[in-house]
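What follows is a short report on a single structure.
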Amino acid sequence: MKASSQYNHLKIEKKWQKNWETQGTYKTDKPNKKKKMYILDMFPYPSGAGLHVGHPRGYIGSDVYARMNRMKGFNVLHPMGFDSFGLPAEQYAIQTKKHPGPFTDKLVAQYKKQLEVIGFSYDWSREVSTHRPEYYKWTQWIFLKLYDAWYDSKKNKARAIEELVVLFEKSGTKSVAAVTDSNTPTFTAKEWQAFSSIEKQNILMQYRLAYEGFAEVNWCEELGTVLANDEIVDGPTGPVSERGGFPVIKKTMRQWFMRITAYADRLLQDLQPLDWPNNIKEIQKNWIGKSEGSELTFNLQTASGSLAEVTVFTTRADTLFGVTYIVLAPEYPFLPEWQNVISNWSEVDIYIKSVAQKEENERTSADKEKTGVQLKGLVAVNPANGEEVPVWIADYVLANYGTGAVMGVPQHDERDFNFATKYKLNIIDRPLVDKIEITKKVGGSIVTKYKMRDAIFARQRYWGEPIPLRHAVNGLIVPLKEKQLPLQLPNVKSYEPSGNGESPLSRVKDWVKEGYETNTMPGWAGSSWYFLRYMDPTNAKAFAGEKAIDYWKDVDMYVGGAEHATGHLLYSRFWHKFLYDMGYVPTKEPFKALRNQGLIGGSDGRKMSKRWGNVINPDDVVKLYGADSLRVFEMFLGPFESHLPWSTEGIIGSRRFIERVWRLNDKLTDTKTISKILHKTIKKVTEDIQSFSFNTAVSSLMICLNEFEKNGVGEKDFQIFLQLLAPFAPHIAEELWKGAESIHLAGWPKYNPKFLIEDEITIGVQVNGKVRAEITLSKDASKEDIEVAALSLPRIKEFLQGVTVKKIIVVPGRVINIVVAE
RNA sequence: GCCCGAGUGGUGGAAUGGUAGACACGGGGGACUUAAAAUCCCCUGCCCUCACCGGCGUGUGGGUUCGAGUCCCACCUCGGGCACCA
């Protein structure tokens, strides 16, 4: 700190990082009277490749935000942890035949080390890793709560399954609303009592929020696992896994599911007040895909009379009179029952089988020509006018959306038009009617449908949380008791998938003998609630203590990548709403505010990756330029949410800025007054950090420094400047700070608006909207003063020669515009 | 195809409807130095000009306005999401 000492970032940064740790500078206070602020980063998956310079960008932004708010006096919770179950570690295990646990621990340690040199203000004593049994005990616990719950759509909340059993015992299904998009049976209390245990289990399974069922899944043979839709990409010959690019096919398998669809409407409604980026809200809205329409029933008839009823879903009930045919999905469940009355059944049967063989991707590819077959011998009767129309099956109708049946109105629907044209079906133009009136008139009902589907909650792999229940020999499912948790992952001899689509756990004899579930939970299980664990990370009695949850409540600011819009951010909201319904958390939403950071690409404009040889390692940058320079640069580079290229020249500018701060410390004058520029900078930096406009905050710090260098600056001003710099460059700010305690706890400067007013203002003088001159006037100059001054300028006089002034517009402090006619 | 978002100097970018290009990188010139690095000072949107003056400029074309990068309409390009959802 002595005059003319060299700026040695290595020494300074190491020194303060150690000091902060031993002093516990960033340790979060226990719940107290102070106002809380929970500032969270999306925790990383610790991959073997390590961090590149793009990864910390979001963390730096949230750290700047956290540091300012900590200085402002908030009790800041700013933790970090690791999402440490996942496929890469599993593949490592398969390749090396070693347990993925120690490998994961090593990666976590490596990651942490890389993060530490950047100087984040994390409270590391709250670190969590999802693969540790102390943690996943509570992931399993939440799973069991979901298993033991159903959604009461009358009360619009989740309730314990025992309460459903009580309702069934009392009055059967009479007072229970059916589950959305599920064919739950109806029965009386008496009938319920007569059901066997297995029958009861099967019925309850249709209500549980975590339930077992069969589903067509995306099966990847090479990876030996089922993949979520967002883990699949289009390959040249069909769908392939995002990781590895292996082919993916459809396969029906036993699965566990999460009944997220029960929450569809609340997930949509509660989106509105959130302080989230608009595009993320839009993406979730589209994903949930609410559509309101009518269910209308057509009577199916054969030559000998009525056969059955078919209900179609339509958003265009107003076009009911224009219906010229009805189409069912090829999977429509009653087709086989009707084979005796369908005169061309063999043709129909061949079509159904050919569709079944197609992969969904092929079937639903956008511009594929529609195909279909008429069900001969059947007609459908339009409930509005009694017209008889032909009945078809076609692959463009999806069995799992709406009712699996649609009405064809070629006059008003492009798709129907194409289909009708291809198969020479009638196209008729009929007047439109009122949607609601016609729906009522024909005895239909107004309904709401969602595109969102229930989420598959099982993976056929080893490295995930075991699902905590057993299948007894008599077929009954026995969930584990809380005190039996965690159900730890057993050791296995081989991590290879079993080949028949089951998890490696299916080869562990004892495990299977005990009836344990061989599927494990998907990657998103542990990440759907981790923010709650940070509130009270070592609690052994609950996922977090009541006191901690009541104090911390929810995340005030969540920072991470936009790629989690339909995954993590949706699943977390769902789990959180469930926990809210059951009284475990006090808030309806987990993340009040959200910001997305942009990616940093290579300086060649490509994605930063080993493949292109354009990866910049933050460790190297920190060594060469220092963490402070890296932090300042990543914030200065451009808007926080923009994707930007890395620039090795660019960081030099930030390094220069830091060094100039260092040198200025040796050139302080004895000025006492707080300068105008400083007040301006306090205002700008404070507002910009608040709004995540970090780039302009840094720029205003640079402007302030430029001015200090030009005009000189005293000790007092300089120290305040350091406080403003501290969130961005915490090490140098601490080093040059003269206060007794850490600068990072030293309060946040306030500005006085009085000092923001300039004595003199320079405004532009326009003629017909074009700037022709400038004038500098006192801040108190009246409109008239400005007019007189402007009109007397020689340059302006020239422009006004031979023309008449029509109008003069004065915008105080900005501009004067003289409007003339020639 | 549908739904979002974005197009500004050589580069990253800045700009409550009010002087477009802040800040920084790069480039040019100068000072210091035996020299180089570092540092400091000046210039740097394009065209014309020695210079002044001037003209043109925020993807394209229209419009609203005294005044448009900003608002409205149409189009083009790029990025993201969804995709036979009835």
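First the proteins, then the strands, lettered A, B, ... as listed; each starts at 1.
Between A/Lys683 and A/Glu687 there is a salt bridge, with a side-chain nitrogen of the basic residue lying less than 4.0 Å from a carboxylate oxygen of the acidic one. A/Glu387 and A/Arg430 are joined by a salt bridge, as a carboxylate oxygen and a charged side-chain nitrogen come within less than 4.0 angstrom of each other. The pair A/Lys285-A/Glu282 meets the salt-bridge criterion, since a charged nitrogen lies less than 4.0 angstrom from a carboxylate oxygen. A salt bridge links A/Arg660 to A/Glu709: at least one charged side-chain nitrogen sits closer than 4.0 Å to a carboxylate oxygen.
For the OP1/OP2 pair of B/A14 and a distance below 4.0 Å, the side-chain nitrogens and oxygens of A/Asn695 include at least one atom meeting the criterion.
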Which atoms of nucleotides 24-28 of chain B (N or O only) lie under 3.5 Å from a protein N or O atom, and what are those distances?
residue : atom : partner  : partner atom : Å
B/A24   : OP1  : A/Asn706 : ND2          : 3.2
B/C25   : OP1  : A/Arg656 : NH1          : 2.6

Atom pairs under 3.5 Å, N or O on each side, protein against nucleotides 76-79 of chain B: can you list them with distances?
none

Close N/O contacts between protein and nucleotides 18-21 of chain B (under 3.5 Å):
residue : atom : partner  : partner atom : Å
B/U19   : O2   : A/Glu774 : OE2          : 2.9
B/U19   : N3   : A/Glu774 : OE2          : 3.3
B/U19   : O4   : A/Thr762 : O            : 2.3

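Under the 3.5 Å distance criterion, with hydrogens and angles disregarded, a donor-acceptor pair is assigned to the side chains of A/Tyr450 and A/Asp265. Inspection of the A/Thr421 and A/Asn418 side chains reveals no N or O donor paired with an N or O acceptor under 3.5 Å.
Atoms CG (A/Asn286) and P (B/C3) sit 10 Å apart, rounded to a whole Å. For A/Lys607 and B/G80, the NZ to C1' distance is 14 Å, given to the nearest whole Å. Regarding A/Lys710, its NZ atom lies at a distance of 14 Å from the C1' atom of B/C40, rounded to whole Å. The separation between A/Asn768 atom CG and B/C66 atom P is 11 Å, rounded to whole Å. Across the protein-nucleic acid pair, A/Glu414 atom CD and B/A83 atom P stand 19 Å apart, rounded to whole Å.
A cation-pi arrangement is present between A/Lys370 and A/Tyr396, with the terminal nitrogen or guanidinium carbon under 6.0 Å from the aromatic centre and inside a 45° cone about the axis. Figure legend: cation-pi geometry between A/Arg655 and A/Tyr625 absent, as NZ or CZ is not positioned both under 6.0 Å from the six-membered ring centre and within 45° of its axis.
Position along RNA chain B of the nearest nucleotide to A/Val819 versus A/Gly289 favours A/Val819 as the more 5'-ward residue.
Base pairing in RNA chain B gives the following stems of 3 or more Watson-Crick or G-U pairs, range against range and under 3.5 Å: B:1-7 with B:76-82, B:10-12 with B:23-25, B:26-31 with B:39-44, B:45-47 with B:54-56, B:59-63 with B:71-75.
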(request) Could you walk me through whether A/Tyr401 and A/Ser291 pass the side-chain hydrogen bond (donor to acceptor under 3.5 Å, both in side chains) test, one step at a time? (result) CA-CA 11 Å; A/Tyr401 183 76; A/Ser291 90; 3.1 Å; yes

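Listed here is the closest heavy atom pair of A/Thr297 and A/Pro383: O-CG, 3.4 Å.
More than 12 heavy atoms of other residues, nucleotides or ligands sit less than 6.0 Å from atom NZ of A/Lys290. More than 12 non-hydrogen atoms from other residues, nucleotides or ligands lie less than 6.0 angstrom from CD1 of A/Ile757.
The base of B/C66 is not paired with the side chain of A/Lys807 by any donor and acceptor separated by under 3.5 Å.
Comparing the C1' positions of B/G26 and B/G10 gives an interatomic distance of 7 Å, to the nearest angstrom.
Annotated as anti: B/G57, whose O4'-C1'-N torsion sits more than 90° from 0.
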Scan the side chains in residues 807-820 of chain A for donor-acceptor partners under 3.5 Å anywhere in the protein, sequence neighbours excluded, and list what turns up.
residue  : atom : partner  : partner atom : Å
A/Asn817 : OD1  : A/Asn768 : N            : 3.4
A/Asn817 : OD1  : A/Gly769 : N            : 2.9

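Residue A/Leu637 has its side chain nearest to B/G12 when only B/G12, B/A86, B/C4 are considered. Distances from the side chain of A/Ile283 to the nucleotides B/C3, B/G81, B/G12 place B/G81 closest. The A/Lys770 side chain lies nearest to B/C56 when the options are B/A86, B/C23, B/C56.
Residues satisfying the salt bridge (Lys or Arg N to Asp or Glu O under 4.0 Å) test with A/Glu774, not counting sequence neighbours, are none.
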